[in-house]
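Taking it in order: structure first as structure tokens, then the write-up.
Just so you know, residue 1 is the first one in the sequence shown, and it goes up from there. For the numbers below, each heavy atom of this structure counts, side chains included, while hydrogens, waters and symmetry mates do not.
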Amino acid sequence: MQDSYFLKTGTAGGTLTILFANIHTNDLVKTAVLAAVGATVSLVVSFVLKKLFGKK
């Protein structure tokens, strides 16, 4: 059972190391901007739909 733990831990650590080595700052900025735009659009659409179809 302990061998399985070390195998899983080693695999996860190696995967994370490769991911962090291949992620560039431009990708992080682009992802953050797209997430902010998506959240803002979602919020605005929710408010508009609530106003249109809310309780009368």
Side-chain angles (χ1 to χ4, degrees):
M1 179 158 168
Q2 195 169 3
D3 291 336
S4 176
Y5 171 75
F6 287 128
L7 179 64
K8 290 178 184 177
T9 305
T11 302
T15 301
L16 289 175
T17 301
I18 292 300
L19 285 175
F20 287 134
N22 288 325
I23 294 176
H24 302 288
T25 306
N26 294 340
D27 294 332
L28 292 175
V29 171
K30 187 187 327 181
T31 301
V33 168
L34 288 174
V37 168
T40 304
V41 168
S42 176
L43 184 67
V44 169
V45 168
S46 295
F47 281 138
V48 168
L49 289 176
K50 192 172 187 179
K51 288 287 185 184
L52 290 175
F53 299 110
K55 293 181 181 178
K56 293 183 179 183

Cluster question for you: counting only ILVMFWY and a side-chain heavy-atom cut-off of under 4.5 Å, with indirect links fine, are [X] and [Y] together?
X     : Y     : result
Val41 : Val44 : yes
Val37 : Val48 : yes
Leu43 : Leu49 : no

Taking distance alone, no hydrogens or angles, what donor-acceptor pairs closer than 3.5 Å link side-chain atoms of residues 20-36 to residues at least two apart or in another chain?
unit_1: Asn22; atom_1: ND2; unit_2: Ile18; atom_2: O; d: 3.2
unit_1: Thr31; atom_1: OG1; unit_2: Asp27; atom_2: O; d: 2.8

Validation: residues 6-15 side-chain donor-acceptor distances under 3.5 Å, sequence neighbours left out:
unit_1: Thr9; atom_1: OG1; unit_2: Tyr5; atom_2: O; d: 2.8
unit_1: Thr11; atom_1: OG1; unit_2: Leu7; atom_2: O; d: 2.8
unit_1: Thr15; atom_1: OG1; unit_2: Thr11; atom_2: O; d: 2.8

